[in-house]
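A, B, ... follow the sequence lines: proteins, then strands. Residue 1 opens every chain.
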Amino acid sequence: MTKLEERKNKVVEDFSLYDEWLDRYEYLIELGKALEPFPEEKKTEDRLIKGCQSRVWLDADVRDGRLWFTADSDAIITKGIISLLISVYSGLTPEEIAGDDFAFIGEIGLRENLSPTRANGLVSMIETIKEISAEAVSRKLGSRLRSK
Amino acid sequence: MMKPLQLREQFPILDTKVYGKPLVYLDNAATSQRPKSVTEAFVKSCNSANSNLHRAVHKLAIDATDAYENTRRRVQEFLGAAHPEEIVFTSGATAAINLVAYSFGEAFVGEGDEIIVTEAEHHSNIVPWQLLCERKKATLKVLDVDDNGELQIGHLKELITHNTRLMAVTHISNVLGIENPVREIVEICHQSGVPVLVDGAQGAVHRRVNVRDLDCDFYVFSGHKLFAASGTGVLYGKRLLLDAMPPFMGGGEMIETVKFSGSTWAKLPGKFEAGTQNINATPTLVPALDLLEECLGDAELAENQESIKKYIYGFLENHPRITQYGRPADIERKVPLFSFKVEGAHHEDLALILDKMGIALRSGQMCAEPLMDRIGVTGLLRASFAPYNTMEEAEYFTKCLDKAIEMLI
Ligand SMILES: Cc1ncc(COP(=O)(O)O)c(C=O)c1O
């Protein structure tokens, strides 16, 4: 099992402990509260994810060929969701992330319960993570071509 | 006399369970629910009087046209308009405002002219005027509100100049739930010869409207907010003005003659009703307005709404973590529509949690970003009540709100 699969399984397992959506929200709220502080100066327009009712900032660093995400939101459930996403994807290679189908979101029922029409922006968060990864992949390819 | 529980029987959707819990629908300002009489009218139109309007001589066409034109007369009566042709059907309040902004704009607005709106408008009563101003190189001016959400009527006279061409103002704000002194605004504007458009999207829901008493020049509302099918809407305009305005959209039925050398326009209201109209939904306005008038005139329902209003208003005022917006000096001018923020808890989080408790609320900017900026928030939470909401629902709401706040803090 890859690290990514392992992480996704763990999230699905954790979520399945709760039958009630209120309990799942409690869990997301805990995740949100536990998220590492995000520096105020990084809360810039270009790090803001468009399409969310609450404000969500996402930042990515590349270290050792891997992507490391940090994030914040002014709404705590949203913060829990982005925290959950980055706990799964942070520290992986851009190729691993870009190649993933993000289907585990469906398995935990998040997509149905937090649909894009309700403007909570889960889809926007996923799209942004995908975009950042795809960009990182093409930058790598670009630099490989150049170094030839 | 009708009890809310009797009224509820007419709204099948109110028996819905969401996530296993009884639905508590407090998003009525966004759209109301539909009574059986409205769905029946829609079905009846489809099943027994469906045909295109005004165009053919056959029986079905006559029946469909009659239903449509009878609806126009019902709306005329509802608004107290002088003539049926002063009632133009549109797809909603937004479409009606856009019609006026375009058509009145073409006739009467030019470079250097001014339009006045207020800080408490819905985007639908801001953006069409901005587009007009861009088109004509005119200026949009804004009448401000005070911290309680009251329009600063005292500032209106200073805003009006020789170049002011129109004032657009909401009857009741969809955020603040305050009835604005529209009569007074019309009077001030008319002293300077400035016509007034009143956005009645919320006003027509909560107040008996008489456009001749108000003396406003235009009044618009949406059917879907007062029990009718969505896609229905009304523009009332004084005949003199509507007559002087050019068509907004061109198409079938809005013409008198069409020649490549030039066409001429149909008389009112046809001039503004281009293309096939909303044949099946428009007649639902009749049972909708019947029921609305019944609700507004029913002592028991009115008393129920008053108790809910006082209860929720007091709850929000006295809550240590809550700030509410829309606090008129005279509570009589408040309708049961409440917007508020909770210290330390985001409106979106609260709405998500309350949703899981079965409560439908609105959260966010509520299509009034300038007002959010004025208040200094990114969004608010809004609970809006209809005559079918009960005191039990109101109490369940406050209990759940406290629970949700506890979860988040
Ligand atoms: C005050 C006000 N004006 C205008 C509108 C626009 O109405 P509609 O979207 O039905 O055209 C609304 C409803 O959202 C409203 O509350």
Side-chain angles (χ1 to χ4, degrees), chain A residues 15 18-35 37-38 40 43-45 47-57 71-85 105 108-125, chain B residues 17-27 30-31 123 175 230 321 339 341-369 372-373 375-382 396-397 399-409:
Chain A
F15 248 78
Y18 308 109
D19 293 334
E20 277 268 342
W21 262 94
L22 271 183
D23 298 331
R24 294 181 184 191
Y25 278 168
E26 295 260 25
Y27 173 66
L28 287 171
I29 291 167
E30 290 317 312
L31 284 181
K33 286 182 178 165
L35 192 63
F38 189 80
E40 279 303 315
K43 293 186 180 174
T44 52
E45 197 62 29
R47 293 190 180 92
L48 208 54
I49 299 182
K50 302 274 180 298
C52 301
Q53 194 179 88
S54 48
R55 288 182 296 173
V56 189
W57 296 270
D72 201 358
S73 172
D74 53 1
I76 196 77
I77 295 176
T78 308
K79 197 166 158 178
I81 294 168
I82 192 82
S83 161
L84 187 142
L85 285 175
I105 300 288
I108 58 178
L110 254 185
R111 207 190 292 281
E112 295 77 64
N113 276 276
L114 300 163
S115 69
T117 48
R118 296 195 26 209
N120 60 64
L122 172 65
V123 169
S124 309
M125 294 182 213
Chain B
K17 292 244 181 336
V18 290
Y19 319 111
K21 300 191 177 63
L23 166 70
V24 175
Y25 187 73
L26 303 182
D27 196 16
T31 196
H123 292 164
V175 176
S230 59
R321 285 196 169 271
S339 296
K341 77 169 180 197
V342 178
E343 203 52 53
H346 195 278
H347 49 84
E348 186 198 40
D349 289 330
L350 289 163
L352 283 171
I353 293 172
L354 288 163
D355 168 51
K356 292 294 185 269
M357 298 172 169
I359 302 175
L361 288 178
R362 183 73 191 272
S363 65
Q365 297 185 331
M366 288 174 277
C367 300
E369 198 176 336
M372 295 300 129
D373 290 346
I375 293 171
V377 293
T378 58
L380 295 171
L381 207 58
R382 179 183 72 191
Y396 178 70
F397 161 63
K399 205 177 77 193
C400 289
L401 179 59
D402 268 331
K403 236 197 261 173
I405 294 173
E406 212 175 288
M407 269 176 79
L408 288 164
I409 286 168

Ring pair (Phe, Tyr, Trp, His ring centres under 6.0 Å) partners for A:Y18, two or more places apart:
A:Y27
What part of A:I76 gets within 4.5 angstrom of chain B, counting heavy atoms only: side chain, backbone, both, or neither?
both
Please walk me through it: do A:T78 and B:E348 pass side chain to side chain donor-acceptor pair (under 3.5 Å)?
CA-CA 9 Å; A:T78 308; B:E348 186 198 40; 2.7 Å; yes
Just by distance, do the side chain of B:S339 and the backbone of B:V175 share a donor-acceptor pair under 3.5 Å?
yes
Listed partners of B:C367 passing side-chain contact (heavy atoms from CB on, under 4.5 Å), at least two apart
B:H122, B:H123, B:R362
A:K79 versus chain B, the contacting section by heavy-atom distance below 4.5 Å:
neither
For B:I409, is it the side chain, the backbone, both, or neither that has a heavy atom closer than 4.5 Å to a heavy atom of chain A?
backbone
